[in-house]
Amino acid sequence: MAQDEYYITLEGEGTASFEEKKSEFIGYARPCKTEAEALEFIAKIRKKHADARHNVYAYQIKENNIMRFSDDGEPQGTAGMPVLDIIRKTGFTDACIVVTRYFGGILLGTGGLVRAYSHAAKLAAEAAHIITYERFSEYELICDYTDYEKIRFALPDFGVIIDDTQFAQDVTLTLAVRSADGNTKKFTETMTELTNGAVLLEERGERFDFLRP
């Protein structure tokens, strides 16, 4: 699958925490489409944990390939960069991770800090659910009721997301079809064959999305 046909990001917001030598690390992760969203999220966590010693962050935004991180007072290279490395190595984008640390009085050392911040970031990302968005083509499909029954049973073969169904004189479906590997061509050909050319199909655009279970 070509890379421009998909991208990996976070499904929602997630949080996770653990303790290391009496220091508490709390990781927060969420999807962010813009740098402004990422900065707003960071400000929210900083406000929530204003009493914490450190609120380390990293984010990566696909548009304009923006990558930022902050050690927030930790030794250089021990906090923000390890968090960013989790984002980069896992392969997701349009995401922000903030790791809050409540210092427990025991120094962790350079290696200990790197491992702790990396672990907190990884746990937070997993809690937010890493998912793959694929490119979908959006269609409006109009058919009669007889053809609708045949179409309805065929749709799952093409990785279709049904956004809306209207029942009137005819049936109107607003849907999205996975674009990869010539799937949309197979879809339009099959819809035409099933209805002997009676179906009306109009392509409306494209979007990135994923198939819900």
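Both backbone and side-chain heavy atoms feed into the values below; hydrogens, waters and symmetry mates do not.
Using modelled atom types, one finds no donor on one side chain facing an acceptor on the other under 3.5 Å when comparing D94 with Y59. A donor and an acceptor atom, one from each side chain of S137 and S179, are located under 3.5 Å apart.
Taking the six-membered ring wherever Trp is involved, the centroid distance between the rings of F18 and H119 falls below 6.0 Å. You'll find the ring centres of H49 and Y102 inside the 6.0 Å limit.
A salt bridge between E24 and R101 is absent, with no side-chain N of the basic residue lying under 4.0 Å from a carboxylate O of the acidic one. Salt bridge annotation for E35-R68: present, with a cationic side-chain nitrogen under 4.0 angstrom from a carboxylate oxygen. The existence of a salt bridge linking K186 and E189 is excluded, since no basic side-chain nitrogen approaches an acidic carboxylate oxygen closer than 4.0 Å. The existence of a salt bridge linking E40 and K44 is excluded, since no basic side-chain nitrogen approaches an acidic carboxylate oxygen closer than 4.0 Å.
The salt bridge (charged side-chain N to carboxylate O under 4.0 Å, His left out) pairs that include a residue from residues 161-177 are D163-R207, where partners are two or more places apart or lie in different chains.
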Mind running side chain to side chain donor-acceptor pair (under 3.5 Å) on E74 and Y117 for me, showing each step along the way? CA-CA 11 Å; E74 293 283 28; Y117 278 104; 2.6 Å; yes
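Residues I45 and I86 are members of separate hydrophobic clusters, defined by side-chain heavy-atom contacts under 4.5 angstrom among Ile, Leu, Val, Met, Phe, Trp and Tyr.
Here the side chain of D71 pairs a donor or acceptor atom with the backbone of G77 at under 3.5 angstrom. T90 places no side-chain N or O within 3.5 Å of a backbone atom of I87 that could act as its donor or acceptor partner.
Rounding to the nearest 0.5 angstrom, the gap separating the OG1 atom in T9 from the CZ atom in F210 is 10.5 Å.
Shown here is F153, whose CZ atom has no more than 12 heavy atoms of other residues, nucleotides or ligands within 6.0 Å.
Ring geometry for Y139 against F187 counts as tilted: the plane angle lies between 30° and 60°, on a 0 to 90° scale.
For the pair K62 and F208, the cation-pi test (distance below 6.0 Å, angle within 45°) is passed.
A heavy-atom distance below 4.5 Å is not found between the side chains of M67 and I61.
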